[in-house]
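Here the structure comes first, spelled out in structure tokens, and everything after it is commentary.
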Amino acid sequence: RDAEGMRVVHAGDRRFRAEAILVATGRAPDVEGLGLEALGVDVARQGITVDDGQRTSLKSVWAAGDAAGGYLFTHAAGFEAARAVRNMLFPGAADDEVLVPWATFTDPELAHVGMTEAEAVERFGAGGVEVHRHDLATSDRARAEGAELGQIVVVTHKGRIVGGHALAPSAGELIHELALAVKDSTKLTELAGLVHVYPTISLGIQ
């Protein structure tokens, strides 16, 4: 903060000015006053306790979305709600583990799916993890749009993709390809063998 307002200094000494800076530190579920405990529904600090099928400790009650304290994203809440309904009508129909990608709609967008480098190293050991980075400065599309600040990162274990991250324009759009790759344990060479449209930001994945 200085006499002219707020100033942000980015890595590489890039400077930005703003009238204000918002620091968002997360959300907390608001389930107080619903009488859940009286019904026998377990409630913890992170929200209503549910199993893998969205069922609560009271077998006739399901919960989804932010109140259930899982992934605090709109797309995750919608998926969980559909999952809960399927399990209500067809018990056990949808109780497998779910992979949830996310995006933060900053400029550029930040998107993530699967493991980070640190998480992969913790699980597989440093010798079993490779991290592949593609700077947007080498992307023709990013250069044409003046959006060279960013990077696509792919984390692999034994050649298979276990994590994907992107700081790029429309990162929320391109993360789905990496999400499918993580879900199916796709080899990086297989993804690199898929022809990508030129010029696109996602060509950096190839």
Side-chain angles (χ1 to χ4, degrees), residues 10-12 26 46-47 49-54 64 68-80 82-83 86-87 92-106 108-142 147-206:
H10 183 272
Q46 69 272 17
T49 303
V50 296
D51 63 15
D52 290 338
Q54 303 302 133
Y71 295 97
L72 306 182
F73 304 116
T74 304
H75 56 281
F79 187 90
E80 289 172 2
R83 182 183 179 89
R86 285 198 301 272
N87 285 318
D95 57 3
D96 52 328
E97 188 175 349
V98 177
L99 177 70
V100 178
W102 57 254
T104 303
F105 296 99
T106 48
E109 293 178 14
L110 177 65
H112 158 84
V113 68
M115 296 184 192
T116 63
E117 178 181 359
E119 289 168 341
V121 167
E122 184 177 347
R123 179 177 294 186
F124 304 117
V129 175
E130 287 188 333
V131 181
H132 310 268
R133 293 180 170 84
H134 175 78
D135 287 322
L136 259 57
T138 63
S139 164
D140 288 351
R141 178 63 177 268
E148 301 98 325
L149 178 63
Q151 192 175 75
I152 297 172
V153 178
V154 179
V155 182
T156 63
H157 169 59
K158 294 184 177 178
R160 297 190 180 276
I161 300 171
V162 296
H165 320 280
L167 179 67
S170 301
E173 301 291 342
L174 69 79
I175 200 65
H176 299 108
E177 177 181 2
L178 292 172
L180 185 60
V182 172
K183 180 177 180 292
D184 292 345
S185 297
T186 303
K187 289 185 177 180
L188 183 59
T189 52
E190 293 175 333
L191 202 59
L194 176 68
V195 178
H196 288 65
V197 174
Y198 175 89
T200 59
I201 298 293
S202 62
L203 182 62
I205 296 173
Q206 183 187 5

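Considering NZ of Lys187 and CD1 of Ile161, their distance stands at 12.0 Å, rounded to 0.5 Å. Atom-to-atom distance recorded for Lys183:NZ and Leu178:CG is 15.0 Å, nearest 0.5 angstrom. How far CD of Glu117 is from CD of Glu122: 13.0 Å, rounded to the nearest 0.5 Å. Here Leu167 contributes atom CG and Leu110 contributes atom CG; the two are 5.5 Å apart, rounded to the nearest 0.5 Å. Atoms CD1 and OG, on Ile201 and Ser139 in that order, are 4.0 Å from each other to the nearest 0.5 Å.
Shown here for Gln54 and Ala64, the closest heavy-atom pair between the two residues is NE2-CA, 3.8 Å. Between Ile175 and Pro101 the shortest heavy-atom distance is CG2-CB, 4.2 Å. Closest approach of Pro108 to Ala168, counting heavy atoms only: CB-C, 3.7 Å. Between Asn87 and Ala94, the shortest heavy-atom distance links the atoms ND2-O, 2.7 Å. Counting all heavy atoms, side chain and backbone alike, Val98 lies closest to Tyr71 at O-OH, 4.4 Å. Considering all non-hydrogen atoms of both residues, Ala166 and Ala171 come closest at O-CB, 3.7 Å.
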Between Arg123 and Val129, is the side chain to side chain contact (heavy atoms under 4.5 Å, CB included) condition met? List the steps. CA-CA 9 Å; Arg123 179 177 294 186; Val129 175; over 6 Å; no

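Judged by distance alone, the side chain of Glu148 and the main-chain N or O of Ala137 form no donor-acceptor pair under 3.5 Å. Side chain of Arg86 to backbone of Ala93: no donor-acceptor contact under 3.5 angstrom is found. When atom types are taken as modelled, the side chain of Gln46 and the backbone of Gly69 share no donor-acceptor pair closer than 3.5 angstrom.
Residue pairs that meet the side chain to side chain donor-acceptor pair (under 3.5 Å) test with at least one member in residues 163-182, sequence neighbours left out, are His112-His165, Glu177-His196.
Side-chain contact check for Leu191 versus Ile205: some heavy-atom pair is nearer than 4.5 Å. Two residues are said to be in side-chain contact when any heavy atoms from C-beta on lie closer than 4.5 Å; Leu136 and Pro169 meet this criterion. When side chains are defined from C-beta on, Thr200 does not count as touching Leu174, because their heavy atoms never get closer than 4.5 Å.
Remark: Arg83 engages Asp96 in a salt bridge, criterion side-chain N to carboxylate O under 4.0 Å.
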Ignoring hydrogens and angles, write down the donor-acceptor pairs under 3.5 Å from the side chains of residues 150-159, residues two or more places apart or on other chains.
{"from": "Gln151", "atom 1": "NE2", "to": "Asp135", "atom 2": "OD1", "distance (Å)": "2.6"}
{"from": "Thr156", "atom 1": "OG1", "to": "Glu130", "atom 2": "O", "distance (Å)": "3.3"}
{"from": "Thr156", "atom 1": "OG1", "to": "His132", "atom 2": "NE2", "distance (Å)": "3.3"}
{"from": "His157", "atom 1": "ND1", "to": "Gly128", "atom 2": "O", "distance (Å)": "2.8"}

